[in-house]
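Just so we're clear, the structure is a prediction, and the values are computed from it rather than from any experiment. Note: hydrogens, waters and symmetry copies are ignored here, and every other heavy atom, side chains too, is used.
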Amino acid sequence: QVQLVESGGGLVQAGGSLRLSCVASGRTFTNYNMGWFRQAPGKEREFVAVTTSSGGASRYADSVRGRFTISRDNAKNTVYLQMSSLKPEDTAVYYCAASPHTLPNIRGLFGDWGQGTQVTVSS
């Protein structure tokens, strides 16, 4: 088990950038693959990005590839999501999650979740 706390959400204009952070505690951070999901009102929670325990490999949803970058700093027990060229359709609550599996992209493979942080993109 690992405890996760997201931060960095807020209001940003379309075309702008925002960086989300997720700080982990309670278990060894380097044992986990770390991912980001998002959920808009009335829609299901969808996969955004995931990275391996070392940060050496990653995968992205087609909708964000080329605009978002996932990274991690294991010395700080933190994973980041750098978001650029933001669009109104990126508006959602963004969740950080931890998994023992290699580069998972299915919600059921993540056992620990943060509380979420709201990202709102205005046109």
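- When the salt bridge (Lys or Arg N to Asp or Glu O under 4.0 Å) test is applied to R19, no partner is found at least two apart in sequence or on another chain.
- The nearest pair of heavy atoms linking T78 to S21 is CG2-CB, 4.3 Å.
- Not a single donor-acceptor pair under 3.5 Å links the side chain of R45 to the backbone N or O of Y95.
- The closest donor-acceptor contact from the side chain of N33 to the backbone of H101 lies under 3.5 Å.
- Side-chain atoms of R59 do not come within 3.5 Å of backbone N or O of N105 as any donor-acceptor pair.
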Applying side-chain contact (heavy atoms from CB on, under 4.5 Å) to Q3 and W113, what does each step give before you reach the verdict? CA-CA 7 Å; Q3 292 76 50; W113 296 81; over 6 Å; no
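- For R65, the salt bridge (Lys or Arg N to Asp or Glu O under 4.0 Å) criterion is met by D62, not counting sequence neighbours.
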Run the ring pair (Phe, Tyr, Trp, His ring centres under 6.0 Å) check on F47 and F37 step by step: do they pass? CA-CA 5 Å; F47 168 78; F37 286 73; 5.8 Å; yes
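- Hydrophobic clustering of Ile, Leu, Val, Met, Phe, Trp and Tyr side chains at less than 4.5 Å, counting indirect connections, keeps Y80 apart from L103.
- When all heavy atoms are compared, the tightest approach of S17 to S85 is OG-N, 4.4 Å.
- Hydrophobic clustering, defined by side-chain heavy atoms of Ile, Leu, Val, Met, Phe, Trp and Tyr closer than 4.5 Å, groups L18 together with V2, L4, V12, L20, F29, Y32, M34, W36, V48, Y60, V64, F68, I70, V79, L81, M83, L86, Y94, V119, V121.
- S63 places no side-chain N or O within donor-acceptor distance of the main-chain N or O of A61, the cut-off being under 3.5 Å.
- At distances below 3.5 Å, not a single donor-acceptor pair connects side-chain atoms of Q115 with backbone N or O atoms of V5.
- Judged by distance alone, with hydrogens and angles left aside, the side-chain atoms of T51 form a donor-acceptor pair with the main-chain N or O of A57 at under 3.5 Å.
- Every pair passing disulfide (SG to SG under 2.5 Å) that includes a residue from residues 21-123 is listed here, sequence neighbours excluded: C22-C96.
- Under the salt bridge (Lys or Arg N to Asp or Glu O under 4.0 Å) criterion, D90 pairs with R38, R67, sequence neighbours left out.
- Here the CZ atom belonging to R72 is positioned 7.5 Å from the OG1 atom belonging to T30, to the nearest 0.5 angstrom.
- S122 contributes atom OG, which lies 5.0 Å from atom CG of L11 (distance to the nearest 0.5 angstrom).
- With a 6.0 Å radius and a threshold of 12 heavy atoms from other residues, nucleotides or ligands, Q13 has its CD atom at or below the threshold.
- For T102, the side chain to side chain contact (heavy atoms under 4.5 Å, CB included) criterion is met by no residue, not counting sequence neighbours.
- For the pair Q39 (side chain) and E44 (backbone), a donor-acceptor distance under 3.5 Å is absent.
- Checked by atom type and distance alone, the side chain of S99 pairs as donor or acceptor with a backbone atom of L109 at under 3.5 Å.
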